Amino acid sequence: MTNVFITGVRAKTGAPLARLLAGEPDVYVRGGSAQPASVDLPGVEPVRFSWDDPTSWVSAVEGVDAIFVVRPDRADAPHLIKQLISETPPHTHVVLLSELDGGYFRPGDWAPRVERAVLQSGRTWTILRPGWFSQVFADERFMLDDIRSGRLPFPSEGQRIAWIDARDIAAVAARALLDPALRARTLDITGPEALTLAETASVLAAALGRPVEYIDLPMEQALEGREGFDRENDFGAYDRIRRGMVAVVDGAVQEVLGRPGRTFAQFATDTFAGSGRL
Ligand SMILES: NC(=O)c1ccc[n+]([C@@H]2O[C@H](COP(=O)([O-])OP(=O)(O)OC[C@H]3O[C@@H](n4cnc5c(N)ncnc54)[C@H](OP(=O)(O)O)[C@@H]3O)[C@@H](O)[C@H]2O)c1
């Protein structure tokens with residue numbers, strides 16, 4: 001039996017990963033959430049876990065063989081992740097959800113420091129570096145409200161994004177957690193095609209059966225209301241898009257899963273077509 005702990009089982013990646021792992025023979029899945037009562041995933045044991053409460057960590061990782069770390073986007077993440085991993089049994093395999101780099105970061109930047117917390121942990125590791133998730137359009141906390149109102153405001157300056165379906169990130173993560181062949185690998189995980197934001201809006205409109213208008217936001221407007229670490233982090237994410245760094249199509253999904261990643265149109269159809277959820 002392989003015991004796997006997912007730090008964020010309600011996350012866009014954590015939830016489909018938990019579903020996949022729960023369907024694997026000889027895998028026991030514990031799903032961490034600050035709100036474990038709201039976790040409803042058959043075959044998954046909800047566990048109270050909060051980055052803000054280190055007293056919740058010891059029991060969460062007790063007896064694990066592998067752990068999926070959904071990186072918390074906060075300034076102290078390198079320290080938090082280092083501390084959490086130090087609570088795991090020495091044989092634990094760590095899979096970190098990081099992000100596509102594209103040569104943008106310097107070694108002292110936050111994202112490489114988070115990765116180093118894993119690389120220097122003394123545990124075996126796999127680093128996943130996905131591009132932008134298709135599921136940001138289905139997330140109440142991100143772009144769903146905009147899509148509901150028929151708008152797609154985004155600071156892309158005409159550049160493209162190779163949208164990756166979170167279900168494919170989850171499928172790669174499941175293999176990385178269970179297959180020793182993927183140890184000590186850093187995998188760029190992208191979708192199979194790069195779309196402009198205007199094309200993205202058209203695909204969403206087709207799935208919804210009503211118009212979605214793309215609005216190219218100035219960077220300042222996109223960052224309105226954001227401060228400190230969040231502002232810097234968002235600036236970097238949009239800046240990488242504007243430099244074409246997330247338009248890259250990588251072969252890791254095909255390599256690991258033996259099939260291409262889902263297209264953005266597939267995501268849009270599965271999520272919105274005929275669902276009436278909007
Ligand atoms: N989004 C992207 O396009 C993208 C691209 C590349 C990399 N990343 C990286 O991926 C990481 C985030 O992964 P993710 O997008 O899978 O996580 P996510 O969906 O943002 O969820 C992270 C956590 O937010 C909490 N949460 C609060 N309210 C929630 C709600 N209504 N529904 C679901 N969860 C809720 C959950 O923790 P509790 O259950 O404890 O509340 C959950 O585990 C970040 O490090 C980010 O930088 C994201």
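Just the heavy atoms: all of them, side chains too, but no hydrogens, waters or symmetry mates, feed the values below. All of these numbers come straight from a predicted model, not from anything done at the bench.
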One should read off an interatomic distance between L152 CG and M143 CE, to the nearest 0.5 angstrom, of 4.5 Å
Report the distance from atom CD1 of I127 to atom CD of E99, rounding to the nearest 0.5 Å. 12.0 Å
Salt bridge between E87 and K82, side-chain N to carboxylate O under 4.0 Å? no
Over all atoms of both residues, closest heavy-atom pair of A268 and L204: CB-CD2, 4.3 Å
Beyond-backbone contact of D216 with F154, side-chain heavy atoms, under 4.5 angstrom: no
Look up atom CD in Q83 and atom CD1 in I81, then write down how far apart they are to the nearest 0.5 Å. 11.5 Å
Would E220 and R231 pass as an ion pair if we require N to O under 4.0 Å? yes
Gap between atom CG of L97 and atom CD1 of I189 - 0.5 Å precision: 8.0 Å
Would you please test W57 and F5 for ring pair (Phe, Tyr, Trp, His ring centres under 6.0 Å) and show each step? CA-CA 11 Å; W57 301 355; F5 176 62; over 10 Å; no
Taking the basic N atoms (NZ, or NE/NH1/NH2) and the acidic carboxylate oxygens, is any pair closer than 4.0 Å for R167 and D270? yes
Identify whether the distance between the nearest side-chain nitrogen and carboxylate oxygen of E193 and R160 falls below 4.0 Å. no
State, yes or no, whether a side-chain contact exists between R151 and I215 at a heavy-atom distance under 4.5 Å. yes
Check D52 with R74, please: is the shortest side-chain N to carboxylate O separation under 4.0 Å? yes
Look at D109 together with R113 and state whether they make a salt bridge at an N to O cut-off of under 4.0 Å. no
Closest heavy-atom pair, A166 versus P16, reported as atoms and distance to 0.1 Å, is O-CG, 4.1 Å
Over all atoms of both residues, closest heavy-atom pair of V203 and A265: CG1-CA, 3.5 Å
D65 to M1 - nearest heavy-atom pair and separation: OD2-O, 3.7 Å
Could you check whether R185 pairs with E255 (Lys NZ or Arg NE/NH1/NH2 to Asp/Glu carboxylate O, under 4.0 Å)? yes
Within the structure provided, determine whether T7 and I67 are in side-chain contact (heavy-atom separation under 4.5 Å). yes
Nearest 0.5 Å, what's the CZ-CG distance between F229 and D234? 9.0 Å
Inspect the contact between R240 and D101 and indicate whether a charged nitrogen and a carboxylate oxygen are less than 4.0 angstrom apart. no
So does D40 have more than 12 non-hydrogen atoms from other groups sitting under 6.0 Å from CG? no
What one should report as the nearest heavy-atom pair of V9 and G31 is CB-CA, 3.5 Å
Specify the closest pair of heavy atoms between R71 and L96, including all atoms of both residues, with the distance to one decimal. CB-CD1, 4.4 Å
If you round to the nearest 0.5 Å, how far is OG1 of T269 from CZ of R262? 12.5 Å
Using the rule given for ring pair (Phe, Tyr, Trp, His ring centres under 6.0 Å), can you reason through F137 versus F264, listing the C-alpha separation, both sets of side-chain angles and the distance that settles it, and then say yes or no? CA-CA 11 Å; F137 294 103; F264 187 74; 5.6 Å; yes
Lys/Arg-Asp/Glu bridge criterion (N-O < 4.0 Å) met for R148, D146: no
Between the side chains of Q135 and D165, does any donor sit under 3.5 Å from an acceptor? yes
Quick one about E199 and Y214 (side-chain donor to acceptor, distance below 3.5 Å, no hydrogens or angles considered), yes or no? no
